[in-house]
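The chains referred to below are lettered A, B, ... by the order of the sequence lines, with proteins before strands, and numbering in each begins at 1. Just so you know, these numbers use all the heavy atoms, side chains as well, and skip hydrogens, waters and symmetry mates.
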Amino acid sequence: GAVVSQHPSWVICKSGTSVKIECRSLDFQATTMFWYRQFPKQSLMLMATSNEGSKATYEQGVEKDKFLINHASLTLSTLTVTSAHPEDSSFYICSAQGTDSTDTQYFGPGTRLTVL
Amino acid sequence: QKEVEQNSGPLSVPEGAIASLNCTYSDRVSQSFFWYRQYSGKSPELIMSIYSNGDKEDGRFTAQLNKASQYVSLLIRDSQPSDSATYLCAGRDDKIIFGKGTRLHILP
């Protein structure tokens, strides 16, 4: 149980284009999903917290107009990187938190974004 | 004090020995605690969660929580080269807060 998927697993795009990443909880309902970014050899950086049916809460320094988050259902959240630039190249990881009392976060496998 | 602190390492441990990973936390983080393992280029995977004082064992892994001293540790018995990874400690206030991770290297 507690499987989280991400799609795509990797993507290469041209500068200026937009990229959408999907995060799905496959066998549980996730009221809250989180989006992280991780640069090589650095720690996880929380970008935003997404609650189903409401606007995402962004961490300080994260541009909400550039990183659009939609959490339309209890099993799906999407992150859209708009007008991507080479500096947005990174490993994007989502996690989903179930509704049980433990509030454990389960991570997706990540999406490696390369912007040329 | 940062909410969750870990020594970045690397921690080198001979194969077959016990690897001990430590984490301290601030007053803000007071509820659930978690250990995740992250291999290079991969996303974190949950190893163990612990909520109350004492030890919790799962196979070769033992998590220890001491709320009075505000530390949580992870022991890995009979360390294997496949245990070489970065280990993330996490605690919760209104959301889960991660430490920066400790790199563990098991020497064959």
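Counting only heavy atoms from C-beta outward, the side chains of Ile93(A) and Pro44(B) approach each other to under 4.5 Å.
The heavy-atom pair separating Tyr36(B) from Gln105(A) by the smallest distance is OH-O, 2.5 Å. Considering all non-hydrogen atoms of both residues, Pro109(A) and Ser43(B) come closest at CA-OG, 3.4 Å. Counting all heavy atoms, side chain and backbone alike, Leu46(B) lies closest to Tyr106(A) at CD2-CE2, 3.9 Å.
In the hydrophobic clustering of this structure, Leu79(A) groups with Val19(A); members are Ile, Leu, Val, Met, Phe, Trp, Tyr whose side-chain heavy atoms approach within less than 4.5 Å, directly or through other members. Under the 4.5 Å side-chain contact rule for hydrophobic residues, Leu74(A) and Met33(A) do not share a cluster. Residues Met45(A) and Phe67(A) fall within the same hydrophobic cluster, defined by Ile, Leu, Val, Met, Phe, Trp and Tyr side chains chained together at heavy-atom separations under 4.5 Å. Residues Val11(A) and Tyr92(A) fall within the same hydrophobic cluster, defined by Ile, Leu, Val, Met, Phe, Trp and Tyr side chains chained together at heavy-atom separations under 4.5 Å. When hydrophobic clusters are built by joining Ile, Leu, Val, Met, Phe, Trp and Tyr residues whose side-chain heavy atoms come closer than 4.5 Å, directly or via intermediates, Leu113(A) is not grouped with Phe34(A).
Of the two parts of Lys100(B), the backbone and the side chain both hold a non-hydrogen atom closer than 4.5 Å to a non-hydrogen atom of chain A. Residue contact with chain B, scored on non-hydrogen atoms closer than 4.5 Å, involves the side chain of Gln38(A) exclusively. With a 4.5 Å cut-off on non-hydrogen atoms, Gln42(A) does not touch chain B at all.
To the nearest 0.5 angstrom, Leu46(A) atom CG is 9.5 Å from Ile97(B) atom CD1.
Aromatic pair Phe107(A)/Phe34(B): centroids not less than 6.0 angstrom apart.
In His85(A), the NE2 atom is crowded: over 12 heavy atoms of neighbouring residues, nucleotides or ligands sit closer than 6.0 Å. No more than 12 heavy atoms of other residues, nucleotides or ligands shown are found within 6.0 angstrom of NZ on Lys64(A). Environment of NZ in Lys66(A): crowded, with over 12 heavy atoms of neighbouring residues, nucleotides or ligands closer than 6.0 Å.
Each of Lys42(B), Arg103(B), Glu45(B) has some count of heavy-atom pairs under 4.5 Å with chain A, and the biggest count is that of Lys42(B). If you tally non-hydrogen atom pairs under 4.5 Å between each of Gly41(B), Ala90(B), Gly99(B), Ser40(B) and chain A, the highest count goes to Gly41(B).
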